[in-house]
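Throughout, a chain's letter reflects where its sequence line sits, starting with A, and its residues are numbered from 1.
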Amino acid sequence: MSRRILALTADGWSGSGGIAEYNRALFEAWRKDSRVQEVVLLPRHPSVGSPPPPRGIRELDAPKTRAGYWFTVRREVRRLRPDLVFCGHIHLLPAVPSGPSQRAPTWLQVHGIEIHAPSRPATRRALDRVDLVTAVSRHTRRTLLRWTSLEPEKIRVLSNSVDRQRFHPGPKCRSLADRYGLKDKTVLLTVGRMAASEAYKGQDRVLQVLPKILEQRPDVVFVLAGDGDDRERLEQLSRARKIDAHTRFVGWIPEEEKRDLYCLADAFVMPSTGEGFGIAFLEAAACGTPVLGGNVDGSVDALAEGRLGKLVNPTDLEELEAGILEVLDRRREVPCALEAFTAERFQQAAQGLLTEVLRSPRARNRNLLTC
Amino acid sequence: MCGVTAAYAYHPAAGPVNRDAVRRLRDAMQSRGPDDQGEWWSSDGSVGLGHRRLAILDPSSRGHQPMTLENAPLALSFNGEIYNFRELRRELESEGISFRTQTDTEVVLRLFQRDGIGMLNRLRGMFAVALWDGVRRELFLARDPYGIKPLYYRNDGWRVWVSSQAKPLRSCEKPVTLDPAGVVGFCLTGSVPEPFTLHREIRSLPAGSWMRVGPHGASAPVRYFSLSRCLDVVQESQPPEVVREAVADAVRNSVQQHLVSDAPLGAFLSAGIDSSSLVGMASEAQSPLQTLTLGFPGTAGDESAGASEVARTYSTDHTCVGLEIREFSNQTPALLEAMDLPSIDGANVYFLSKAAAERGWKVVLSGLGGDELFAGYPSFRDVPRWVKWARSLSWIPGLSAGFRHTMEWLKPRGVSPKLAGMLTLGSSYAGAYFLRRGLFLPWELPQILDPDLTKEGLARLNLQQRLQETLQPDPGTANGRVTTLESSFYLRNQLLRDADWAAMAHSLELRVPFVDAWLLRQLAPWLSQFSHGEGKRYLAAAPQRPLPSQVVNRPKTGFTLPLARWIQQDDQWDAWKRVAALRDPNCPWARRWAFTLIQRELAA
């Protein structure tokens with residue numbers, strides 16, 4: 001039987017950021033599943049720009065208001081009679097109707113920061129009705145289990161994957177090096193949002209240990225890609241430490257330049273304390289760049305417990321400094337552990353979980369099970 | 001009877017399982033299986049099974065585990081006994097399947113190969129199974145219908161670890177975190193209700209359930225056996241002779257099935273009807289049967305004299321060992337170390353098992369479960385009565401809250417604290433049962449636990465709903481409901497779990513002929529006719545030679561250590577003296593003991 005999936009997401013098909021990218025990979029995996037007739041996207045926020053979704057994925061117009069979104073979800077559930085309702089953000093979960101009109105199993109995707117604090121009562125109640133939750137990492141899974149009464153078996157780990165067509169080793173891009181004044185420099189790179197409310201990605205800790213690193217490696221330049229309301233504080237920190245000659249705040253870089261930047265870097269560092277997963281680790285590693293991450297959050301999974309890169313205690317500055325010096329000395333190579341995060345593996349897991357959720361008691365009650 | 005270990009690194013990024021960690025997990029259960037140890041690894045290293053063996057059937061090396069098949073990618077680590085394995089073997093042999101051992105383990109493996117999960121309903125006995133199915137790339141876990149044999153697992157989202165005991169799982173991954181549901185559950189009931197343990201990361205596979213761990217993770221446990229469904233059959237009232245004969249036939253069958261062993265076997269004997277009837281029927285098949293009694297010289301709870309009388313009646317080779325406070329104090333650290341999950345009970349079985357092991361026994365029969373099956377507990381009388389009474393008053397607005405507060409106020413004057421909950425909880429079978437069996441009441445917990453932990457624990461545990469769910473479908477009769485509740489909570493979470501760790505600490509297999517799904521199905525039609533006390537008379541009449549009349553007519557006492565006096569006298573257990581509510585002279589000893597145990601766990 002051909003299945004139809006209604007997907008509630010924060011952004012449309014062409015949305016930017018890690019979550020939108022993750023969703024695209026998931027919907028692609030389902031689209032390639034012969035059992036799936038159609039994935040219907042209902043975004044909370046309108047899509048910006050192109051490209052349009054591929055065949056097999058249809059995007060509905062985003063309602064303008066929250067109330068409109070709730071109304072549209074209910075209408076589409078009645079109209080489409082989906083076999084699965086996918087919810088790409090926990091805040092959209094209460095919009096999934098609970099009454100008899102909604103008999104399809106519900107699949108919730110969680111990433112990290114959005115579930116760090118216990119949710120509102122309406123969300124908690126909606127969580128009790130969820131059939132499957134996929135978390136990007138064990139850290140995110142543990143965080144959710146800490147404040148919900150969900151059965152642990154309902155929460156699976158479906159880690160991000162990396163597009164090896166896009167991210168692969170290559171020579172250092174001379175024009176990029178010239179643009180940022182990195183010629184003949186040893187480049188330490190980090191990529192990520194600079195949000196004051198989050199401030200867990202550890203850019204400030206790298207700036208704190210940079211003077212000591214420069215004592216041993218005076219040619220090091222720390223490139224900070226990304227932007228946000230914490231950028232000014234970080235720039236001030238750089239000036240206060242008198243290392244602004246060795247830092248480059250390059251802002252958001254276009255997607256098409258990302259690979260060149262990874263290839264330009266001699267090491268990628270993100271000693272975070274609250275990262276859900278850290279897709280940038282995979283992208284950097286796929287380009288052969290040695291990586292370093294923190295050992296207290298989802299980075300542990302992204303770095304395959306240390307097989308994909310160096311794990312350090314992100315709040316221990318001595319350990320961080322030693323770790324950065326170590327990865328700067330590492331040879332450029334694509335780690336074997338990256339094989340666990342390929343698009344093919346992701347597709348297998350996404351299709352396998354689809355099979356399981358379509359066998360859940362709620363799905364069985366609809367008498368839709370054909371296998 | 002053995003120790004089962006398994007590990008499966010199912011996530012592609014998890015790499016091979018840590019073999020040393022699997023071995024450590026296995027060898028932490030050395031006492032469960034001192035006769036042999038084994039390990040098995042999948043060719044890609046992502047799966048490991050471990051086993052410690054206590055050899056009972058076919059004690060030769062052919063019974064080595066984990067056991068594999070030469071013609072199928074199956075590997076099994078098995079704990080338990082299948083009493084109908086010879087019958088199943090004959091059936092499989094008639095289909096041309098050949099066997100290379102005389103063990104029940106091989107029968108389980110062959111049966112799974114033929115029937116898959118469907119095999120579970122064919123197995124009569126106690127078991128915990130960890131089976132690797134290389135075709136499906138799934139680890140299959142299962143427990144017997146009543147949950148006689150334990151099985152715990154720890155799943156972090158990449159790997160799953162499995163063990164016959166919860167404690168060793170604490171150290172096989174990241175540090176564990178306390179589960180408020182387990183802590184609160186223990187304080188409410190005196191044992192930790194499954195599927196919880198004291199730690200969030202470690203779960204108990206529920207009794208009568210199976211689960212699969214595949215390449216995409218662990219699926220939720222699936223129940224294949226329902227006590228309440230079994231009991232939902234009522235037969236028209238029959239003359240006592242008919243019932244007596246049916247009971248005797250069924251019980252005799254169960255006892256005889258439980259005697260199968262290639263190792264020395266004995267029986268625990270108190271002066272109660274359950275163990276006495278069991279000894280009476282076991283003696284019919286095995287004479288002289290060895291029997292063992294634990295006495296407490298100079299205390300009111302000493303049953304030695306009554307037990308000796310029963311032993312003389314059935315000409316058993318009887319031994320009575322005495323236990324006094326000094327030995328109890330010396331042995332308690334070892335006992336608490338062996339106690340897998342905290343329980344206010346279990347010490348009696350621990351000391352009895354120690355004595356049995358010192359006498360060279362490997363297998364022992366116990367009368368556990370008789371009270372649940374033959375309506376022996378006062379709960380069979382009280383719970384239906386309370387429900388009727390509370391329902392008749394519960395319609396009056398505000399009465400239950402007022403009654404509760406009045407009774408709370410009267411508590412210092414010697415009124416039972418449980419009386420306060422009579423109208424609040426007593427109007428349903430689940431609530432009234434909790435009131436009868438409960439240790440602390442929910443609103444008393446802040447006296448002994450952190451209020452935030454209490455709040456979260458009560459919400460996560462949701463005990464009332466769990467109790468209520470066991471009664472779905474409704475067994476239809478008062479006895480059926482109480483049997484279901486007693487068997488699903490007190491028997492499963494306390495008596496059977498305690499029997500397992502306490503006996504296994506001394507490498508002793510404890511068998512419970514009255515805890516048998518087949519026996520339950522046989523007796524279910526008659527259960528409604530077992531009024532309180534009458535059921536036990538049917539059991540007493542089951543042996544060919546009747547029980548001595550002083551045993552039949554003796555008031556029920558239970559089989560407990562004189563812990564009330566001992567913990568009061570022993571300074572090492574004085575933590576309870578810091579809590580005003582526990583210093584109250586009317587405070588039951590079990591509350592003090594529970595507080596002592598949980599404080600020890602919280603401090604660990």
Can you pull out the donor-acceptor contacts between chain A and chain B, under 3.5 Å, including backbone atoms?
unit_1: A/Arg138; atom_1: NH1; unit_2: B/Asp156; atom_2: OD2; d: 2.8
unit_1: A/Arg141; atom_1: NH1; unit_2: B/Asn155; atom_2: O; d: 3.2
unit_1: A/Leu145; atom_1: O; unit_2: B/Arg200; atom_2: NH1; d: 3.4
unit_1: A/Thr148; atom_1: O; unit_2: B/Arg460; atom_2: NH1; d: 3.3
unit_1: A/Glu153; atom_1: OE2; unit_2: B/Tyr153; atom_2: OH; d: 2.4
unit_1: A/Arg156; atom_1: NE; unit_2: B/Ala218; atom_2: O; d: 3.1
unit_1: A/Arg156; atom_1: NH1; unit_2: B/His216; atom_2: O; d: 2.8
unit_1: A/Arg156; atom_1: NH2; unit_2: B/Ala218; atom_2: O; d: 3.2
unit_1: A/Ser159; atom_1: OG; unit_2: B/His11; atom_2: NE2; d: 3.4
unit_1: A/Glu305; atom_1: OE1; unit_2: B/Arg159; atom_2: NH2; d: 2.6
unit_1: A/Glu305; atom_1: OE2; unit_2: B/Arg159; atom_2: NH1; d: 2.9
unit_1: A/Glu305; atom_1: OE2; unit_2: B/Arg159; atom_2: NH2; d: 3.2
unit_1: A/Arg307; atom_1: NH2; unit_2: B/Ala13; atom_2: O; d: 2.2
unit_1: A/Arg307; atom_1: NH2; unit_2: B/Ala14; atom_2: O; d: 3.4

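Your options are A/Leu308, A/Ile155, A/Leu132, A/Val157, and the one with the most heavy-atom pairs under 4.5 Å with chain B is A/Val157. Among A/Ala135, A/Ala337, A/Gly352, the residue making the largest number of heavy-atom pairs under 4.5 Å with chain B is A/Gly352. Among B/Ala14, B/Ala218, B/Ala220, B/Gly214, the residue with the largest count of heavy-atom pairs under 4.5 Å with chain A is B/Ala218.
Between B/Ala13 and A/Ala304, the shortest heavy-atom distance links the atoms O-CB, 4.1 Å.
Taking the ring-ring contact (aromatic ring centres under 6.0 Å, His included) definition, one finds that B/Phe196 meets it with nothing, sequence neighbours left out.
In this structure, chain B has a heavy atom under 4.5 Å from the backbone of A/Leu145, while its side chain stays farther away.
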